[in-house]
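Report on one structure; see the data block that follows.
Below, read A as the first sequence line, B as the second, and so on, with proteins coming before strands; counting in each chain starts at 1. Fair warning: this is a prediction, and the values are worked out from it, not measured in the lab. All values below were derived from every heavy atom in this structure, side-chain atoms included, with hydrogens, water molecules and symmetry-related copies excluded.
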Amino acid sequence: MTTPRTLFEKVWDNHLVIDADPSLLYADLHLVHEVTSPQAFAGLKASGRAVRRPDLTIGTVDHGIPTTGRALGIRDPLSKRQIDAMVENCREHGITLFGLDDPRQGIVHVVGPEQGLTQPGLLVVCGDSHTSTHGAFGALAFGIGTTEVEHVLATQTIWQARPRTMAVEVEGALPWGVSAKDLILGIIAQIGVSGGARHVIEYRGETIHDLTMEQRMTICNMSIEGGARAGMIAPDETTIRYIEGRPFAPEGRQWDEAVSAWERLVTDEDATFDKMVQIDAGRLVPHVSWGVNPAQTVPVTGEVPSPDSYEDPLQRDAAVRALEYMALRPGTPIFDIAIDHVFLGSCTNGRIEDLRAAAKVLEGRKVDSRVNAVVVPGSMQVKAQAEAEGLDDVFESAGFSWRDAGCSSCLAMNPDVIPAGERCASTSNRNYEGRQGRGARTHLVSPAMAAAAAVAGHFVDVREWERS
Amino acid sequence: MKPVSTVTGRMVPLDRSDVDTDQIIPQQFLKRIERDGYGEFLFYNWAHTDDGTPSSDFIINDPARRGAKVLVTGPNFGCGSSREHAPWAIEQWGFEAVITPSAADIFRNNSSNVGLLVVELPQDVVSRLIDLAANPGSEVTIDLETQTVTADGIEEFFDIDPTAKNRLRRGLDPIGATLTHDDLISAHEEARDSWLPTTVEASPTS
């Protein structure tokens with residue numbers, strides 16, 4: 001009898017080229033974008049090396065691109081140079097690129113799954129920390145730095161110390177009006193921003209099994225916000241149904257072989273984890289971040305906490321600084337926080353279900369006149385799908401600006417910068433200081449909560465609004 | 001990258017926890033396609049006022065800190081974005097090492113790849129070093145060979161991943177080293193399942 005193994009251990013073992021500390025692992029899929037790759041391609045050029053497997057490499061442009069007026073070209077000369085370098089590098093090395101004028105263009109972590117490239121059991125790497133998103137399919141997917149990007153380009157392999165395993169067991173149905181975003185924010189609030197450090201998380205339990213692929217991607221996406229190396233969910237019928245028929249999915253006999261391999265990708269019954277965390281989803285409520293890291297959140301019905309509520313002196317100091325940056329006073333009800341901007345999008349919440357959830361709240365309503373509200377679909381395919389469903393009309397009638405796909409205000413590398421001192425309800429993943437622009441104040445929320453805040457001009461409990 | 005063996009130099013204390021890579025190097029400086037020139041943007045938003053002038057009260061702008069080599073800081077340093085520009089900026093400012101109770105996983109990997117030594121020590125030792133570092137003249141020595149940190153009244157052993165240690169000591173080109181295992185990589189490649197996806201020959205969905 002073989003030793004029982006976790007999902008992570010099975011995928012890890014399948015990719016071992018050299019089993020040592022650290023191990024050399026073979027990458028099945030390398031996603032490349034314009035910001036973290038130019039120095040890697042330059043390194044290849046300087047050493048006269050080729051890309052070993054352009055056929056396992058895919059490029060997209062997402063971080064620095066404008067979401068309006070693309071026909072006019074990119075105005076920012078530095079961003080333009082970066083995009084041009086991406087186009088040239090992909091051309092030179094024969095890498096398929098979803099460029100600015102490609103109907104498949106979008107955020108790297110949206111397009112991989114959407115095109116059927118992200119599949120169970122793969123080892124996926126990308127020079128981007130939200131690569132953890134792809135773990136929703138039972139892939140082992142993690143972010144790497146630019147030196148490692150160059151290494152993967154040249155060798156298709158990566159050296160990794162073996163992470164430890166952590167199970168996050170979620171039981172109980174998500175209450176009505178509580179989203180996958182609220183679940184992952186709740187998990188991070190419980191484990192902290194470094195609670196997953198040196199670990200790969202497997203999200204498990206009945207609640208996880210009942211989630212759609214898009215919800216699972218939202219969960220795995222923010223694993224890095226809990227400090228984890230990666231997040232994974234075992235593939236099941238939901239996963240298989242999602243992949244079937246997508247452009248890069250296997251077909252015919254290869255499909256059957258793939259499915260039978262995927263069905264083995266579950267944690268064995270007697271396998272053990274290094275760390276276990278239990279979450280009762282039934283007690284969750286919509287969350288709003290008040291501070292400058294993704295663990296600094298409270299229920300929307302709550303209030304801005306006092307630094308004195310933290311026992312750990314480091315956490316207390318962090319809370320003092322966060323309150324100062326966010327210009328908030330302890331004891332302020334979350335309902336009383338007025339907002340200036342709403343950003344709906346990102347690799348966390350820029351998929352079609354996210355847009356539908358927000359549109360459902362917005363139907364027949366108007367954005368508050370003081371609020372600047374923007375929707376940036378995660379990909380041009382998401383945009384096309386939303387338009388086919390008439391969601392663009394709902395957003396535009398409500399007063400949202402309807403944009404082209406990209407990372408946009410999630411990290412403000414493009415013109416979509418939130419001005420200093422202004423407050424944004426954002427469906428993205430990081431509320432760090434300056435993340436959406438120097439001095440900008442970010443509150444992380446779900447798509448439905450963001451839509452409701454856009455209408456009210458301040459945070460509200462969307463559960464009181466949502467029509468069944 | 002040049003080999004690292006011993007770092008001796010003055011310390012700069014940054015007594016904050018969970019310093020993310022967005023603080024180390026903000027997004028507006030990630031548009032360049034070069035690998036150098038990031039040092040002046042280190043901790044940019046903390047180090048500059050709204051109009052871009054250096055803030056006199058941020059520690060790395062203190063003339064007495066010029067030439068310091070070791071950043072001593074709180075836990076979970078380098079969390080968040082995988083941007084390697086973060087260790088580039090730290091190293092290009094002039095730091096040769098970071099001492100912290102814990103570094104975030106990707107940051108730790110990136111640092112060893114660029115020759116920035118990351119030393120993880122217990123919180124109480126780091127707190128004592130931060131106290132010592134209040135004096136701009138106080139020095140610390142990090143010996144990678146013996147894995148020890150020495151400062152006034154402090155001598156501590158630290159753990160480090162053997163590969164990171166090796167890479168730092170030898171200043172290796174890791175690609176060249178990996179390619180010496182080309183036979184093993186090729187063997188793995190040959191044995192891969194035929195249904196695994198490739199990124200070629202698909203048409204856009206309608």
Subject >> Top contributor to chain A interface from B:E34, B:Q28, B:R83, B:Q123 [non-hydrogen pairs under 4.5 Å] >> reply: B:E34
**OP:** Side-chain contact test, heavy atoms from C-beta onward, threshold under 4.5 Å: evaluate it for A:Q119 versus B:P197 and give yes or no.
**Re:** yes
**OP:** Using the side-chain contact (heavy atoms from CB on, under 4.5 Å) rule, take B:W88 and A:T146 through it: C-alpha gap first, then chi angles, then the decisive distance, then the call.
**Re:** CA-CA 11 Å; B:W88 292 342; A:T146 297; 4.0 Å; yes
Subject >> Check against side-chain contact (heavy atoms from CB on, under 4.5 Å), A:R49 and B:I175 >> reply: CA-CA 10 Å; A:R49 289 181 174 123; B:I175 295 175; 3.4 Å; yes
Subject >> Whether A:Q315 side chain and B:S17 backbone form a donor-acceptor pair below 3.5 Å >> reply: no
Original post:
Which of the residues A:N293, A:T36, A:D28, A:I224 is involved in the greatest number of heavy-atom pairs with chain B at under 4.5 angstrom?
Top reply: A:D28
**OP:** Could you tell me whether the side chain of B:K31 and the main chain of A:Q82 form a donor-acceptor pair under 3.5 Å?
**Re:** no
Original post:
With chain B, which of A:R253, A:Q156, A:E251, A:E150 has the greatest number of heavy-atom pairs at distances under 4.5 Å?
Top reply: A:E150
Original post:
When rounded to the nearest 0.5 angstrom, what is the spacing between CD in A:Q160 and CG in B:N109?
Top reply: 5.5 Å
Original post:
Quick one: does A:T96's side chain have a donor or acceptor within less than 3.5 Å of a partner on B:V200's backbone?
Top reply: no
**OP:** Check whether any side-chain heavy atom of B:E84 lies under 4.5 Å from a side-chain heavy atom of A:I144, and answer yes or no.
**Re:** no
Original post:
Would you call B:R16-A:D317 a salt bridge at under 4.0 Å N-O?
Top reply: no
Subject >> Leading residue by heavy atom contact count with chain B [cutoff under 4.5 Å; candidates A:H63, A:E225, A:M413] >> reply: A:M413
Subject >> Heavy-atom pair count under 4.5 Å with chain B, highest-scoring of A:Q385, A:E34, A:R321 >> reply: A:R321
Subject >> For chain A, which residues of residues 177-195 of chain B have heavy atoms nearer than 4.5 angstrom >> reply: B:T178, B:L179, B:H181, B:D182, B:L184, B:I185, B:S186, B:H188, B:E189, B:R192, B:S194, B:W195
**OP:** Could you walk me through whether A:R430 and B:S81 pass side-chain contact (heavy atoms from CB on, under 4.5 Å), step by step?
**Re:** CA-CA 9 Å; A:R430 288 181 176 143; B:S81 161; 3.6 Å; yes
Original post:
Top residue by heavy-atom pair count (under 4.5 Å) with chain A, among B:T163, B:T21, B:D15?
Top reply: B:T163
**OP:** Answer yes or no: is there a donor N or O on one side and an acceptor on the other, between the side chain of B:N113 and the main chain of A:T147, under 3.5 Å?
**Re:** no
Original post:
Side chain of B:T199, backbone of A:P54: donor and acceptor closer than 3.5 Å?
Top reply: yes
**OP:** Look at B:Q27, B:R35, B:Q23 and state which one has the largest set of heavy-atom pairs under 4.5 Å with chain A.
**Re:** B:Q27
List, one per line, each side-chain donor-acceptor pair under 3.5 Å for residues 192-199 of chain A, sequence neighbours excluded.
residue: A:R198; atom: NH2; partner: B:E120; partner atom: OE1; Å: 2.8
residue: A:H199; atom: ND1; partner: A:A197; partner atom: O; Å: 2.8

Subject >> Sequence-distant partners of A:S409, side chain to side chain donor-acceptor pair (under 3.5 Å), two or more places apart >> reply: none
Subject >> Most chain A-contacting option - heavy-atom pairs closer than 4.5 Å, from B:P162, B:S102, B:P75, B:G80 >> reply: B:G80
Subject >> Residue among B:N110, B:D18, B:I33 with most heavy-atom pairs under 4.5 Å to chain A >> reply: B:I33
Original post:
Who pairs with B:F29 by ring pair (Phe, Tyr, Trp, His ring centres under 6.0 Å), at least two apart in sequence or on another chain?
Top reply: B:F41, B:Y44
Subject >> Salt-bridge contact A:R435-B:D22 (side-chain N to carboxylate O under 4.0 Å) >> reply: yes
**OP:** Name the region of B:P174, side chain, backbone, both or neither, that has any atom closer than 4.5 Å to a heavy atom of chain A.
**Re:** both
